[in-house]
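Remember, predicted model here, so these are calculated numbers, not experimental data.
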Amino acid sequence: MIKSIPITTWRDEHHRDVTVSKMFVYELTAYAHYKDRKELLGSKFISSSKPLKERVQVTKKIGYRIIKSIDLVSAPLDYIINNSKFKKL
């Protein structure tokens, strides 16, 4: 019989939700910021067996900026418990 795993959500210091999973799951996003609007250029999910460094990269162009970010979406429970930046909802 398949065991169901209860979905527990935790929140990091930037108030983003992080769920529990067997691997680290990250979302890679790229935005173009203009004076009057923001556009999503692309988004992609990746998984990893090791934690990656979350970061934001800003590239300035004439008239706009491109902002790329790596955000944690899911992580193993032992990593969440041992890392003090997460709080259970």
Yes or no on side-chain contact (heavy atoms from CB on, under 4.5 Å) for M23 and S49, after CA distance, side-chain angles and deciding distance? CA-CA 5 Å; M23 297 187 73; S49 59; 4.2 Å; yes
[X]: what forms a salt bridge (Lys or Arg N to Asp or Glu O under 4.0 Å) with it, not counting sequence neighbours?
X: R37; value: E39
X: E27; value: none
X: R65; value: none

Co-members of the apolar cluster containing I66 [side chain, <4.5 Å]: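 Its cluster mates, by chain and number, are Y34, L41, Y64.
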Note: with side-chain heavy atoms under 4.5 Å as the link, the other cluster members for I67 come out as V56, V58
Suppose we screen for side chain to side chain donor-acceptor pair (under 3.5 Å). Which residues come up paired with T29, at least two apart in sequence or across chains?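 In terms of side chain to side chain donor-acceptor pair (under 3.5 Å), with neighbours along the sequence ignored, T29 is linked to S69.
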Counterpart residues, side chain to side chain donor-acceptor pair (under 3.5 Å), relative to Y31 (two or more places apart):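 Y31 satisfies side chain to side chain donor-acceptor pair (under 3.5 Å) with no residue once adjacent residues are dropped.
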List in chain and number order the residues that pass side-chain contact (heavy atoms from CB on, under 4.5 Å) with L52, two or more places apart in sequence or in another chain; answer none if no residue qualifies. Y26, I46, S48
Within one Ile-Leu-Val-Met-Phe-Trp-Tyr cluster: [X] and [Y], side-chain cutoff 4.5 Å:
X: L72; Y: V25; value: no
X: I81; Y: V20; value: yes
X: L77; Y: V73; value: no

Please list all pairs meeting salt bridge (Lys or Arg N to Asp or Glu O under 4.0 Å) that have one or both residues in residues 67-81, counting only residues at least two apart or in different chains. R16-D71
I need the minimum non-hydrogen distance between I80 and A75, along with the two atoms involved.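 Where I80 meets A75 most closely, the heavy atoms are CD1-O, 3.7 Å.
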S74 versus T19, closest heavy-atom pair with distance: OG-OG1, 2.5 Å
